[in-house]
Amino acid sequence: MTQPTGARVLVVDDEPGILRAVQTNLGRHDFRVETATTGREALEEYNRLRPDLVLLDLGLSDIDGLEVLKAIRERANTPVVVLSAHETERDKIVALDLGADDYLTKPFGINELLARVRVALRHAARPTAGTDPIVRFGELELDMERRRVTVDGTDVHLTPTEWDLLKLFAANPDKVLTDRMITDNVWGSSFPAQAHSLHVYVARLRKKLESGAQEAGARRRILTEPGVGYRLVTD
């Protein structure tokens with residue numbers, strides 16, 4: 001039997017059904033899958049394997065999943081996709097603030113799981129957006145040195161705050177940014193996390209970017225993650 005040769009994924013979950021399903025389906029797509037059912041086992045396997053990506057359930061029986069995430073972040077920037085139940089909305093937001101790259105709400109579809117895994121791996125493999133003077137996401141182009149934004153070749157005039165917002169999104173493509181993460185980076189930690197101003201600024205930025213698109217039905221680049229925050233979509 002041919003051994004998988006793709007990225008190594010550590011799946012951490014204490015539900016046997018989910019563990020089997022994820023392991024089987026990732027394996028079919030050539031991922032090398034290792035599993036753990038407790039937080040302690042997860043950290044032992046992480047230190048042993050140094051996986052390319054971790055799928056982490058927050059509701060573990062021994063160590064809280066958030067503590068596992070903190071321990072991983074102290075070691076490396078390995079992509080972590082959180083597996084979250086509906087009732088753990090607050091923990092999901094805290095996990096993203098602690099450095100999780102994405103989340104999936106249970107129950108989730110295998111196709112969505114595969115897509116999120118691939119996006120997280122792509123994001124980890126490429127240099128951070130902003131290191132190059134020109135950053136492109138489809139029809140959207142940012143000139144970091146000149147602070148210039150164009151959509152389909154048309155200049156889009158942004159206020160300083162709108163530019164700071166877009167620059168933050170561009171530095172974290174395809175990654176969920178919580179309201180707290182955005183406000184801390186753009187306005188500072190003293191800015192109220194749930195202030196209506198953030199939503200107003202994002203709405204204005206989104207409108208300007210979409211009005212610059214020439215194609216009918218051009219896709220929305222900045223997506224709202226209900227109850228969590230926002231994501232700049234590159235695909």
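All values derive from a computational prediction rather than experimental measurement.
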K.L.:
Is a salt bridge present between D101 and R73, judged by a nitrogen-to-oxygen distance below 4.0 Å?
P.N.:
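Salt bridge present between D101 and R73.
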
K.L.:
Search all heavy atoms of A120 against all heavy atoms of P79 and return the closest pair with its distance.
P.N.:
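Smallest interatomic distance, heavy atoms only, reads O-CG, 3.9 Å.
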
K.L.:
Taking atom CG of D143 and atom OG1 of T150, what is their separation to the nearest 0.5 Å?
P.N.:
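Here the rounded value is 8.5 Å.
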
K.L.:
Do you know the tightest heavy-atom contact between M181 and N185?
P.N.:
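Where M181 meets N185 most closely, the heavy atoms are O-ND2, 2.7 Å.
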
K.L.:
Indicate yes or no: at least one non-hydrogen side-chain atom of L232 is less than 4.5 angstrom from one of N172.
P.N.:
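Not touching, per the 4.5 Å side-chain cut-off.
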
K.L.:
In the structure I gave you, are the side-chain heavy atoms of V11 and Q23 within less than 4.5 Å of one another anywhere?
P.N.:
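No; the side chains remain at least 4.5 Å from each other.
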
K.L.:
How long is the gap from CD1 on I72 to CD on E67, to the nearest 0.5 Å?
P.N.:
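Here the rounded value is 12.0 Å.
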
K.L.:
side-chain contact (heavy atoms from CB on, under 4.5 Å), that's the test. Do R180 and L96 meet it? Break it down for me.
P.N.:
CA-CA 10 Å; R180 179 80 275 168; L96 290 166; over 6 Å; no

K.L.:
Report yes or no: does D13 contribute a side-chain atom to a donor-acceptor pair with the main-chain N or O of E15 at less than 3.5 Å?
P.N.:
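Indeed, once roles are kept as given, a pair shorter than 3.5 Å links the two residues.
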
K.L.:
Check the pair V68 / V54 against side-chain contact (heavy atoms from CB on, under 4.5 Å), numbers first and verdict last.
P.N.:
CA-CA 11 Å; V68 176; V54 178; over 6 Å; no

K.L.:
Using the side-chain contact (heavy atoms from CB on, under 4.5 Å) rule, take F31 and V22 through it: C-alpha gap first, then chi angles, then the decisive distance, then the call.
P.N.:
CA-CA 11 Å; F31 290 100; V22 172; over 6 Å; no

K.L.:
Measuring from atom CD1 of I93 to atom CG of D179, what distance do you get when rounded to the nearest 0.5 angstrom?
P.N.:
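It is 7.5 Å, given to the nearest 0.5 Å.
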
K.L.:
Can you check whether L58's main-chain N or O pairs, donor with acceptor, with D91's side chain at less than 3.5 Å?
P.N.:
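Not a single qualifying donor-acceptor pair exists.
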
K.L.:
With heavy-atom distances below 4.5 Å as the criterion, would you say the side chains of D184 and D97 are in contact?
P.N.:
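In short, these two side chains do not touch, never coming nearer than 4.5 Å.
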
K.L.:
If you take all heavy atoms of V82 and A100, which pair is closest and at what distance?
P.N.:
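For V82 and A100, the tightest heavy-atom pair comes out as CG2-CB, 3.7 Å.
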
K.L.:
Salt bridge or not for E34 and R8, using N-O below 4.0 Å?
P.N.:
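Yes, this pair counts.
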
K.L.:
Could you check whether R116 pairs with E112 (Lys NZ or Arg NE/NH1/NH2 to Asp/Glu carboxylate O, under 4.0 Å)?
P.N.:
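Salt bridge flag = yes for E112 with R116.
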
K.L.:
Check whether R221 reaches the backbone of V233 with its side chain - one donor and one acceptor, N or O, closer than 3.5 Å.
P.N.:
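Here the side-chain-to-backbone pair exists.
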
K.L.:
Please round to the nearest 0.5 Å and tell me the distance separating atom OH of Y103 and atom NZ of K92.
P.N.:
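With rounding to 0.5 Å, OH (Y103) is 4.5 Å from NZ (K92).
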
K.L.:
Heavy atoms, side chains only, cut-off 4.5 Å: are V149 and L140 in contact?
P.N.:
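Heavy-atom side-chain distance check passes, below 4.5 Å.
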
K.L.:
Does any non-hydrogen side-chain atom of L60 lie less than 4.5 Å from one of T38?
P.N.:
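Not in contact.
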
K.L.:
Between D102 (side chain) and V81 (backbone), is there a donor-acceptor pair under 3.5 Å?
P.N.:
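The answer is no, because no donor-acceptor pair under 3.5 Å joins these two groups.
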
K.L.:
Out of curiosity, does L49 fall in the hydrophobic cluster containing V9 (side-chain heavy atoms, cut-off under 4.5 Å, transitive links)?
P.N.:
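No, it is not one cluster - the side chains of V9 and L49 are not joined through contacts under 4.5 Å.
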
K.L.:
Under a 3.5 Å threshold, yes or no: a donor from one side chain and an acceptor from the other, between T224 and R206?
P.N.:
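Short answer, yes.
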
K.L.:
E162 pairs by salt bridge (Lys or Arg N to Asp or Glu O under 4.0 Å) with which of K208, R204, K207?
P.N.:
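Of all the options given, the one that passes is K208.
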
K.L.:
Any chance you could lay out the side-chain contact (heavy atoms from CB on, under 4.5 Å) test for I222 and L165, step after step, and finish with the verdict?
P.N.:
CA-CA 11 Å; I222 301 176; L165 274 173; over 6 Å; no

K.L.:
Of the non-hydrogen atoms in T35 and E41, which two are nearest, and what is the gap between them?
P.N.:
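Looking at all heavy atoms of both residues, the closest pair is O-OE2, 3.8 Å.
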
K.L.:
Determine whether a donor-acceptor pair (N or O, by modelled atom type, separation under 3.5 Å) exists between the side chain of K70 and the backbone of L98.
P.N.:
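Answer holds: no.
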
K.L.:
What heavy-atom pair brings Y230 and V202 nearest, and what distance separates the two atoms?
P.N.:
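Distance-wise, the nearest heavy atoms are CE2-CG1, 3.6 Å.
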
K.L.:
Look up atom OG1 in T78 and atom CG in L69, then write down how far apart they are to the nearest 0.5 Å.
P.N.:
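The OG1 atom of T78 sits 11.0 Å away from the CG atom of L69.
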
K.L.:
Supply the atom-to-atom distance Y201 OH to I182 CD1, rounded to the nearest 0.5 angstrom.
P.N.:
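Output value for this atom pair is 14.0 Å.
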
K.L.:
My understanding is that only one of L19, L26, V12, V80 makes a side chain to side chain contact (heavy atoms under 4.5 Å, CB included) with L55; could you say which?
P.N.:
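Among the candidates, only L26 passes.
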
K.L.:
Please check this pair: side chain of D174 against backbone of T234, looking for a donor-acceptor N/O pair closer than 3.5 Å.
P.N.:
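Here the side-chain-to-backbone pair exists.
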
K.L.:
Any idea which heavy atoms bring L10 and P51 closest together, and the distance?
P.N.:
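Looking at all heavy atoms of both residues, the closest pair is CB-CG, 3.9 Å.
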
K.L.:
Please check if the side chain of R32 supplies one atom and the backbone of A7 the other of a donor-acceptor pair under 3.5 Å.
P.N.:
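Here the side-chain-to-backbone pair does not exist.
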
